[in-house]
Amino acid sequence: MTLAGRTALVTGATGFLGGAVARRLANEGVYVKALARRPGRDAYLRDVPKIEIVSGDMLDAERMQAVTQGCDYVFHVAAALGGSLSHQRKLNVDGTRHVMQAAAAAGVRRVVHVSTIAVYGYGYTSDVTEDMPQRPGRVPYNVSKSEAEAVVRASSVPYSIIRPGMIYGPRSGMWTAFMFNLGKRNPTIFLGDGSGYAHPIYVDDVVDLTVLLATHPVAEHEAFNCAPDPAPTWREFLSGYSRLAGHQRWFGLPVLPLKLLAPAVELALTLRGEPQDVPALIPFLQARKTYRMDKARRLLGWEAQVSLDEGMRRCEPWLREKGLLP
Ligand SMILES: NC(=O)c1ccc[n+]([C@@H]2O[C@H](COP(=O)([O-])OP(=O)(O)OC[C@H]3O[C@@H](n4cnc5c(N)ncnc54)[C@H](OP(=O)(O)O)[C@@H]3O)[C@@H](O)[C@H]2O)c1
């Protein structure tokens with residue numbers, strides 16, 4: 001079923017993924033209401049046909065009701081990706097509640113909620129499927145995104161949930177700009193031999209599945225991983241960036257001293273109010289596990305289309321434009 005001619009609210013439209021979702025929808029003939037919390041962050045969407053920038057904060061329940069009126073679909077992409085548990089709970093849990101309440105009041109056909117593989121936590125060291133229990137541990141992002149999913153599932157509104165891995169591509173601050181700088185360093189410095197699996201998924205693939213989940217009949221009330229299956233190793237992922245930077249040298253930090261240091265680092269982070277489960281993170285980064293994509297293949301016939309090599313190639317012009325790659 002096509003979305004063309006429908007109206008959709010996109011939260012987080014001024015961000016990396018939300019901007020890409022908003023543009024794809026507009027391109028497909030959807031009338032997009034792009035939620036912008038802060039004026040001046042909407043440059044990527046300004047003057048794009050079929051996109052209307054609507055100001056609003058998801059913490060403002062009344063405003064969310066107003067902007068959602070008349071929408072057929074909601075793509076709930078906005079979130080806090082850092083900060084203390086109370087900060088992230090406020091945005092990710094209360095914010096999501098307001099979005100779902102507004103969607104219910106507006107009678108939308110479906111909300112696509114953007115979650116994350118982080119809801120499974122760092123504890124799993126073998127393959128992860130959607131039906132496995134969420135064990136977000138003590139990391140504020142993981143906890144609050146897991147709780148946000150619970151809010152979505154408890155709502156009366158038809159929904160579908162996508163759980164992306166590490167979304168990379170042009171405009172990605174974390175998994176392209178930051179990781180490119182890590183890969184560019186000669187030698188690239190990382191944990192051990194980098195043979196643990198990474199979970200980079202190209203932004204266009206995430207947008208693709210997000211849009212499909214809005215209308216696919218079988219996707220209703222279901223959650224789907226969105227990660228590379230089979231997963232590449234961290235070394236393959238980072239080497240993609242080092243190759244762009246013109247080298248292939250690697251320096252593996254010895255794992256044992258890092259493991260011994262981990263509790264102290266975790267204590268410091270905890271005192272700052274942002275625990276990251278560092279002792280669990282090290283085995284997590286070394287684990288050879290895949291977030292399995294069998295469910296999307298089986299139920300939706302969906303498969304990611306952009307290989308890691310191709311994704312890296314597509315990042316190159318943006319890295320040059322940003323002055324990160326000479
Ligand atoms: N990036 C990844 O690798 C990744 C992986 C898995 C899942 N995800 C999920 O994907 C989604 C988008 O991530 P992203 O990387 O695109 O993040 P991002 O670039 O930081 O964008 C976050 C967006 O949320 C908006 N926002 C935050 N608080 C808000 C509020 N109170 N009211 C309205 N809008 C608010 C931000 O607005 P401002 O512009 O005003 O800050 C921004 O538009 C999130 O749900 C995240 O959990 C991301």
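Predicted model only: the values in this text are computed from it and were never measured. The basis for the numbers below is simple: all heavy atoms, side chains too, and nothing from hydrogens, waters or symmetry mates. Counting starts at 1 for both ligands and their atoms, following the listed order.
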(request) Can you spot which of Lys145, His113, Gln134 makes a side chain to side chain contact (heavy atoms under 4.5 Å, CB included) with Arg163? (result) Gln134
(request) Could you tell me whether Arg24 and Asp208 make a salt bridge, using a distance below 4.0 angstrom between a side-chain N and a carboxylate O? (result) yes
(request) Check the angle between the aromatic planes of Phe284 and Tyr122 and answer parallel, tilted or perpendicular using the 30° and 60° thresholds. (result) tilted
(request) Using a strict 4.0 Å threshold on nitrogen-to-oxygen distance, state whether Arg298 and Asp294 make a salt bridge. (result) no
(request) For Tyr73, check ring pair (Phe, Tyr, Trp, His ring centres under 6.0 Å) against everything at least two apart and list the hits. (result) none
(message) Quick test of your reading of the model: are Asp229 and Arg292 salt-bridged, counting only N-O distances below 4.0 Å?
(response) yes
Measure and list all N/O to N/O distances between ligand 1 and the protein that fall under 3.5 angstrom.
| unit_1 | atom_1 | unit_2 | atom_2 | d |
| --- | --- | --- | --- | --- |
| ligand 1 | 3 (O) | Ile167 | N | 2.9 |
| ligand 1 | 3 (O) | Trp175 | NE1 | 3.1 |
| ligand 1 | 16 (O) | Phe16 | N | 3.3 |
| ligand 1 | 16 (O) | Leu17 | N | 2.8 |
| ligand 1 | 19 (O) | Phe16 | N | 2.9 |
| ligand 1 | 24 (O) | Ala79 | N | 3.4 |
| ligand 1 | 28 (N) | Arg37 | NH1 | 3.2 |
| ligand 1 | 31 (N) | Asp57 | OD1 | 2.8 |
| ligand 1 | 32 (N) | Asp57 | OD1 | 3.4 |
| ligand 1 | 32 (N) | Met58 | N | 2.9 |
| ligand 1 | 37 (O) | Thr14 | OG1 | 3.3 |
| ligand 1 | 39 (O) | Thr14 | OG1 | 2.6 |
| ligand 1 | 39 (O) | Arg41 | NE | 2.7 |
| ligand 1 | 39 (O) | Arg41 | NH2 | 2.8 |
| ligand 1 | 40 (O) | Arg37 | NE | 3.0 |
| ligand 1 | 40 (O) | Arg38 | NE | 2.8 |
| ligand 1 | 41 (O) | Arg37 | NH2 | 2.8 |
| ligand 1 | 41 (O) | Arg38 | NH2 | 2.6 |
| ligand 1 | 43 (O) | Gly12 | O | 3.3 |
| ligand 1 | 43 (O) | Thr14 | OG1 | 2.7 |
| ligand 1 | 43 (O) | Gly15 | N | 3.0 |
| ligand 1 | 45 (O) | Val77 | O | 2.8 |
| ligand 1 | 45 (O) | Lys145 | NZ | 2.7 |
| ligand 1 | 47 (O) | Tyr141 | OH | 2.5 |
| ligand 1 | 47 (O) | Lys145 | NZ | 2.9 |

